[in-house]
Asker: 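Before I ask anything, here is the structure I am working with.
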Amino acid sequence: MNYDIAVVKGDGIGPEVVTEAIKVLDKIGEKYGHTFHYNYVLAGGAAIDATGKCLPTDTVDICKGSHAVLLGAVGGPKWDDLPGDERPERALLGLRKALGLFANLRPAMVFDELADASPLKAEIIDGGLDIVVVRELTGGIYFGEKGTKKTDMGPAAYDIEQYSEGEVKRIAAVAFDMAMKRNKKVTSVDKANVLESSRLWRRVVAEVGKNYPEVELENLYVDNAAMQLVRNPKQFDVLVTSNIFGDILSDEASQITGSIGMLPSASLATGNFGMYEPVHGSAPDIAGQNLANPIATILSVAMMLRYTFELSQEADDIEEAVKKFLAAGYRTPDICAGKESIGTKETGDKIASLI
Ligand code: NAD
């Protein structure tokens, strides 16, 4: 099979980590007889330097014409003084909107070998951790009506949280589909004791859940969910929640793992289209020094194989290779705890060789 992938290398360590992920993808192609075509496009700071715009129209068109998008990271001090809507990071919002990416998937995994990196006590994450936060990405308060008005307490500002049944249905379906491929449990997070939008959310999630009788559905208020995530994260399989709650809980979940260089993410549209990127940013402090951990981007490519191309065996191969890499004692500087480490390129080479 032939697969078209739009590639945004981006800024800072973006190009370095993307190069290693492509190395690994090519190894998969070689092993299984797939051909991956890469359409390199500009977004972020590199696009501003080349074209004056953080998200050129060509980039959007080429992304839309591809099966999936692989993105490194964008931004850096060079562009920090630009106004908000001209900054490199604005390209991410533009891409999400233009590509209709409504579901953000963030797995939080603690590999046994890296349990020491977690800020949680060993007994809490003993035996590893594997949860995924499914966050609604294009609705809710971040996109609702906003404005300012006068009140008798002085000028005020407001942002409206609103969800339609259709928006909740499609994100709930993503979460239940995912749970079917995992441990068959969905935890829906809301604030239904206070918010009308949360009551609609809870009702619609339950309706969608009726189509998945094998999946256990549990509802939690967001304050309780935040607490349970550090108290007993292993009780969770798939967490599904709104844009703003997901923003906060996915960062909390990723901190549990203790290593930002290991965390992949996917943002999905209807159909199988998706954009795949590491959770971390462009890390200007270590850019260009062969110090970046490319594993988050390598695992993002595994998610691309699993969710967009439906190549589970190939995705498993990459995840297994990462586990073998860690089990053999290899570490990048961010996860070496002061011990011996290897560079970005060597990590990509080693993981590719383990496939
Ligand atoms: P960051 O994630 O880039 O870096 C935070 C810290 O983690 C740094 O010390 C960095 O060296 C380290 N780190 C990050 N990724 C690493 C990796 N793969 N290997 C080893 N160490 C790694 O966050 P930041 O410093 O807040 O932001 C830097 C720039 O990135 C900013 O311009 C920010 O706007 C941008 N940013 C972009 C994205 C994105 O493109 N999706 C996300 C977050 C931040």
Side-chain angles (χ1 to χ4, degrees), residues 6-21 24 41-49 54-55 59 63 69-97 99 101 104-106 109 111 114 117 119 135 137 246-248 250-251 254-255 257-267 274-301 303 322 325-326 330-339 341-348 351:
V7 180
V8 181
K9 287 189 164 185
D11 309 313
I13 61 169
E16 297 171 68
V17 293
V18 165
T19 301
E20 301 315 310
V24 170
V41 288
L42 292 175
I48 294 173
D49 288 351
C54 66
L55 185 59
T59 297
C63 288
V69 181
L70 173 63
L71 185 138
V74 297
K78 184 175 176 191
W79 305 280
D80 273 353
D81 295 331
L82 291 172
D85 56 352
E86 290 173 27
R87 286 171 61 110
E89 295 83 353
R90 190 45 74 107
L92 299 174
L93 284 181
L95 277 171
R96 280 179 197 166
K97 199 167 163 200
L99 303 175
L101 304 171
N104 182 238
L105 274 48
R106 274 218 210 166
M109 287 168 287
F111 293 94
L114 297 182
R135 165 188 169 194
L137 204 56
D247 192 4
I248 298 163
S250 60
D251 262 20
S254 60
Q255 282 309 307
T257 70
S259 43
I260 196 167
M262 303 287 298
L263 296 168
S265 82
S267 300
M275 181 161 97
Y276 298 83
E277 55 182 316
V279 164
H280 62 72
S282 58
D285 52 333
I286 56 167
Q289 300 170 55
N290 199 35
L291 291 175
N293 184 347
I295 295 179
T297 316
I298 290 170
L299 291 173
S300 300
V301 154
M303 291 184 84
V322 169
F325 171 88
L326 295 171
Y330 295 108
R331 299 287 184 270
T332 44
D334 56 317
I335 51 171
C336 74
K339 300 205 183 94
S341 63
I342 64 172
T344 311
K345 285 196 189 89
E346 295 71 28
T347 299
I351 293 174

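Everything numeric here is computed off the predicted structure, so don't read it as measured data. Both counts, for ligands and for their atoms, begin at 1 and track the order of listing.
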Asker: Could you check atom 40 (O) of ligand 1 against the protein and tell me its nearest heavy-atom contact, residue, atom and distance included?
Answerer: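 Its nearest protein heavy-atom neighbour is Val74 N, 2.9 Å.
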Asker: CD of Glu16 to CD of Gln289: how many Å apart, nearest 0.5 Å?
Answerer: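 Between atom CD of Glu16 and atom CD of Gln289 there are 8.0 Å.
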Asker: Would you say ligand 1 has an N or O under 3.5 Å from any N or O of Asn293?
Answerer: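 Min N/O separation from ligand 1 is below 3.5 Å for Asn293.
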Asker: For Glu89, counting its heavy atoms only, list the atoms of ligand 1 lying under 4.0 Å from any of them.
Answerer: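 Those atoms are 31 (C), 32 (O), 33 (C), 34 (O), 35 (C).
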Asker: So if I count the atoms of ligand 1 from 1 in the order they appear, which ones are less than 4.0 Å from some heavy atom of Gly75?
Answerer: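 Reading through ligand 1 atom by atom, the close ones are 32 (O).
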Asker: How long is the span from the CG atom in Leu95 to the CE atom in Met275, to the nearest 0.5 Å?
Answerer: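 Result: 5.0 Å between the selected atoms.
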Asker: Number the atoms of ligand 1 from 1 as they appear, then name those within less than 4.0 Å of a heavy atom of Leu92, with their elements.
Answerer: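 That gives atoms 39 (C), 40 (O), 41 (N) of ligand 1.
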Asker: Report yes or no: does a heavy atom of Ala296 sit under 4.0 Å from some atom of ligand 1?
Answerer: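 No, that is not the case, since the closest heavy atom of the residue is not under 4.0 Å from the ligand.
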Asker: Do Glu20 and Ile295 have side chains that get closer than 4.5 Å, going by heavy atoms?
Answerer: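 Glu20 does not reach Ile295 side chain to side chain.
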Asker: Is there a polar contact between ligand 1 and Gly281, counting only N or O atoms under 3.5 Å apart?
Answerer: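 Looking only at distances, the answer is yes, because the N/O contact criterion of under 3.5 Å is met.
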Asker: With a 4.0 Å cut-off on N to O distance, would you call Asp49 and Lys78 a salt bridge?
Answerer: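 Yes.
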Asker: Could you tell me whether Asp285 and ligand 1 have an N or O pair separated by under 3.5 Å?
Answerer: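 It does: an N or O of Asp285 is found under 3.5 Å from an N or O of ligand 1.
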Asker: Which atoms of ligand 1 have any heavy atom of Gly76 under 4.0 Å away?
Answerer: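 Reading through ligand 1 atom by atom, the close ones are 32 (O).
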Asker: How far is atom 7 (O) of ligand 1 from its nearest protein heavy atom, and which residue and atom is that?
Answerer: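 Of every protein heavy atom, Ile260 CG2, 3.8 Å lies nearest to atom 7 (O) of ligand 1.
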Asker: Heavy-atom contacts with Glu277 under 4.0 Å: which atoms of ligand 1 show up? List them by number with element.
Answerer: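 Near Glu277, meaning under 4.0 Å from one of its heavy atoms, ligand 1 has 41 (N).
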Asker: Check each heavy atom of Thr332 against ligand 1 and say whether those closer than 4.0 Å belong to the side chain, the backbone, both or neither.
Answerer: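 The answer is neither; Thr332 stays 4.0 Å or more away.
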Asker: With the threshold set at under 4.0 angstrom, would you say Val17 reaches ligand 1 through any of its heavy atoms?
Answerer: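 Outside the 4.0 Å threshold, so no.
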Asker: Mind checking whether Arg87 and Asp80 have side chains closer than 4.5 Å, heavy atoms only?
Answerer: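 Yes - at least one pair of side-chain heavy atoms lies under 4.5 Å apart.
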Asker: What do you reckon, does Gly261 have a nitrogen or oxygen under 3.5 Å from a nitrogen or oxygen of ligand 1?
Answerer: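 No, Gly261 has no N/O under 3.5 Å of an N/O on ligand 1.
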Asker: How many angstroms lie between atom CE of Met303 and atom OG of Ser265, to the nearest 0.5 angstrom?
Answerer: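 Result: 7.0 Å between the selected atoms.
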Asker: Only heavy atoms of Ala73, strictly under 4.0 Å: list the atoms of ligand 1 that pass.
Answerer: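 Ligand 1 atoms under the 4.0 Å threshold to Ala73: 40 (O).
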Asker: Between atom CG of Leu82 and atom CH2 of Trp79, what is the distance when rounded to the nearest 0.5 Å?
Answerer: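 The CH2 atom of Trp79 is 9.5 Å from CG of Leu82, to the nearest 0.5 Å.
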Asker: When rounded to the nearest 0.5 angstrom, what is the spacing between CG in Leu326 and CG in Leu114?
Answerer: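 Taking CG in Leu326 and CG in Leu114, the distance rounds to 5.0 Å.
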Asker: Return yes when at least one protein heavy atom is under 4.0 Å from atom 18 (N) of ligand 1, and no when none is.
Answerer: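 Under the 4.0 Å cut-off, atom 18 (N) of ligand 1 does have protein heavy-atom neighbours.
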Asker: Between His280 and Thr297, is any pair of side-chain heavy atoms under 4.5 Å apart?
Answerer: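 Counting from C-beta outward, His280 and Thr297 do come under 4.5 Å.
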Asker: Short check: is a protein heavy atom less than 4.0 Å from atom 43 (C) of ligand 1?
Answerer: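 It does; a protein heavy atom is within 4.0 Å.
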Asker: With the threshold set strictly below 4.0 angstrom, can you tell me whether any protein non-hydrogen atom sits that near atom 26 (O) of ligand 1?
Answerer: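 False for atom 26 (O) of ligand 1.
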Asker: Could you find the nearest protein heavy atom to atom 28 (C) of ligand 1 and give me its residue, atom name and distance?
Answerer: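 Of every protein heavy atom, Pro284 CD, 3.5 Å lies nearest to atom 28 (C) of ligand 1.
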Asker: Is it true that, when you exclude Phe325 itself, more than 12 heavy atoms of the residues, nucleotides or ligands shown sit nearer than 6.0 Å to its CZ?
Answerer: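 Counting other residues, nucleotides and ligands, CZ of Phe325 exceeds 12 neighbours.
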Asker: Determine whether more than 12 heavy atoms belonging to other residues, nucleotides or ligands lie under 6.0 Å from atom CG of Asp285.
Answerer: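 Result for CG/Asp285: enclosed.
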Asker: Give the atom numbers and elements of ligand 1 that come within less than 4.0 Å of a heavy atom of Ala292.
Answerer: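 Taking each heavy atom of Ala292 in turn, ligand 1 has 19 (N) under 4.0 Å.
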Asker: Is atom 33 (C) of ligand 1 less than 4.0 angstrom from at least one protein heavy atom?
Answerer: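 Under 4.0 Å from atom 33 (C) of ligand 1, at least one protein heavy atom found.
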Asker: At what distance, to the nearest 0.5 angstrom, does CD1 of Ile13 lie from CD1 of Ile286?
Answerer: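 Taking CD1 in Ile13 and CD1 in Ile286, the distance rounds to 5.0 Å.
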Asker: If hydrogens are left out, which of Ser282, Ser259, Pro77, Ala283 has an atom nearest to atom 30 (O) of ligand 1, that is, the closest non-hydrogen atom?
Answerer: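 Selected option, by shortest heavy-atom distance: Ser282.
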Asker: What heavy-atom pair brings Gly75 and Asp11 nearest, and what distance separates the two atoms?
Answerer: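 Looking at all heavy atoms of both residues, the shortest contact is N-OD2, 2.8 Å.
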Asker: Backbone, side chain, both or neither: what part of Ile286 comes under 4.0 angstrom of ligand 1, heavy atoms only?
Answerer: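 Just the side chain.
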Asker: Would a 4.5 Å heavy-atom cut-off, applied to side chains only, mark Thr332 and Pro294 as touching?
Answerer: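 Touching, per the 4.5 Å side-chain cut-off.
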